[in-house]
Amino acid sequence: VALHGPDHPDVAMSRVELGLLRCDQAEYDESERLVREGLEMARRELPARHPAIATAMSAPGHVLLERGSYDEAIAVLNETVKLQTVKDGVTPDLAGTLHELANAHFYRGDYEEAESLTGRVLGMSRTLYGEKHPHVADDLVDLGAIQFEQGHYKEAEVFYRQALDMTRAWYGYDHYKTASNLTMLGRALVFQDRYDEAKGLLVEAVAI
């Protein structure tokens, strides 16, 4: 504000970033207020199709998702997807927003829509980052979770094992993400009554 004045686009985006920080701190009311103020400022000061507006627009969707307002989050994120969609359809911002949208549908119990969106994100992640990137592993974990919640434990296991191989290769055997993957895989095995296999994985996760 001291450098640019109260209505500069940089000030708007700083409000958005501060709002997202407050979201990470679970201060949702302040977070939502800040990101919405930042978005309105960006809309006043920037052209309608400016990339910063799409970035700012995704922030309220993220906050609404984190606070459990899934219907509202879906509405906001759908509008953001329309704004971020470009001719080739593959950008990191769009992939990130679609990921948030898939999560909102997942937590609302819309597993079919969540699976469709996550499959789309997986394809985009592979195009953007390559076949073995952590973003690809995260997408596979999400697909596994969708299968798990529907009681498809064998299908979930397949996705979790693919993700675990990538996570170990990228982060190593003693990283918290590896522990998270081991835990999810272990749960999928428990629900298949494969207790000895599950125990070994879960003990490893606890050790990490």
Side-chain angles (χ1 to χ4, degrees), residues 1-108 114 117-118 120-130 133-139 141-142 145 167 170-171 175-177 179-180:
V1 174
L3 285 173
H4 303 297
D7 295 322
H8 194 276
D10 287 352
V11 176
M13 299 311 294
S14 293
R15 282 186 178 276
V16 170
E17 292 299 325
L18 180 58
L20 292 173
L21 174 61
R22 292 290 180 261
C23 184
D24 289 342
Q25 296 168 328
E27 297 177 12
Y28 298 121
D29 289 340
E30 184 181 3
S31 172
E32 190 170 347
R33 177 182 63 80
L34 286 165
V35 297
R36 290 191 184 279
E37 287 177 357
L39 173 59
E40 289 308 310
M41 290 173 63
R43 281 173 165 162
R44 287 197 305 268
E45 302 301 320
L46 293 168
R49 299 291 297 183
H50 195 284
I53 292 180
T55 299
M57 194 171 174
S58 69
H62 174 77
V63 176
L64 290 165
L65 171 62
E66 290 298 311
R67 74 184 307 168
S69 300
Y70 303 127
D71 290 346
E72 294 176 76
I74 287 168
V76 170
L77 292 166
N78 275 326
E79 288 302 310
T80 308
V81 167
K82 292 177 185 176
L83 191 61
Q84 290 178 333
T85 298
V86 294
K87 187 175 181 180
D88 62 13
V90 180
T91 67
D93 284 344
L94 179 57
T97 301
L98 287 169
H99 172 77
E100 299 266 25
L101 183 58
N103 282 342
H105 280 286
F106 173 80
Y107 291 122
R108 199 173 69 168
L117 288 165
T118 303
R120 182 179 172 189
V121 174
L122 174 62
M124 295 175 73
S125 295
R126 284 171 166 160
T127 298
L128 289 165
Y129 308 112
H133 193 273
H135 284 325
V136 174
D138 290 343
D139 298 336
V141 165
D142 289 346
T167 302
W170 192 276
Y171 293 108
H175 193 273
Y176 76 90
K177 279 187 168 287
S180 177

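Counting from 1, the numbers follow the sequence of the chain as shown.
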| query | Between CD1 of I74 and CG of N103, what distance do you get to the nearest 0.5 Å? | reply | 10.5 Å
| Quick one: does V16's side chain get under 4.5 Å of T55's, heavy atoms only? | no
| field | R44 with E40: basic N within carboxylate O range, under 4.0 Å | value | no
| field | Sub-4.5 Å side-chain heavy-atom contact between H62 and V35 | value | no
| task | Can you see which heavy atom on K177 is nearest to which on D138, and at what distance? | result | NZ-OD1, 3.7 Å
| field | Nearest heavy atoms of L122 and D139, plus distance in Å | value | CA-OD2, 3.4 Å
| Minimal non-hydrogen separation, V136 against G130, with atom names | CG2-O, 3.2 Å
| field | Contact check, side chains of E79 and L83, non-hydrogen atoms, under 4.5 Å | value | no
| query | Once you round to the nearest 0.5 Å, how far does OG of S180 lie from OH of Y171? | reply | 11.0 Å
| field | Distance in Å, L98 CG paired with S125 OG, rounded so as to fall on 0.5 Å steps | value | 10.0 Å
| said: I'd like to know if the side chain of T97 and the backbone of L94 have a donor-acceptor N/O pair within less than 3.5 Å. | reply: no
| L39 side chain near P60 side chain, heavy-atom distance below 4.5 Å | yes
| request: To the nearest 0.5 angstrom, please state how far the CG atom of L77 sits from the CD atom of Q84. | output: 9.0 Å
| said: Can you give me the closest heavy-atom contact between M124 and A95, atom names plus distance? | reply: CE-N, 3.8 Å
| Shortest non-hydrogen contact from E100 toward L65 | OE1-CD2, 3.0 Å
| Rounded distance [0.5 Å steps], CZ in R33 versus CD in E27 | 10.5 Å
| request: Might you work through the salt bridge (Lys or Arg N to Asp or Glu O under 4.0 Å) test for D29 and R22, ending with a clear yes or no? | output: CA-CA 9 Å; D29 289 340; R22 292 290 180 261; over 6 Å; no
| field | H133: partners by ring pair (Phe, Tyr, Trp, His ring centres under 6.0 Å), with sequence neighbours left out | value | Y129, H135, W170
| query | Nearest heavy-atom pair of L34 and G19: which atoms, and what distance? | reply | CB-CA, 3.7 Å
| note | Here the gap from T118 atom OG1 to R120 atom CZ, rounded to the nearest 0.5 Å, amounts to 11.5 Å
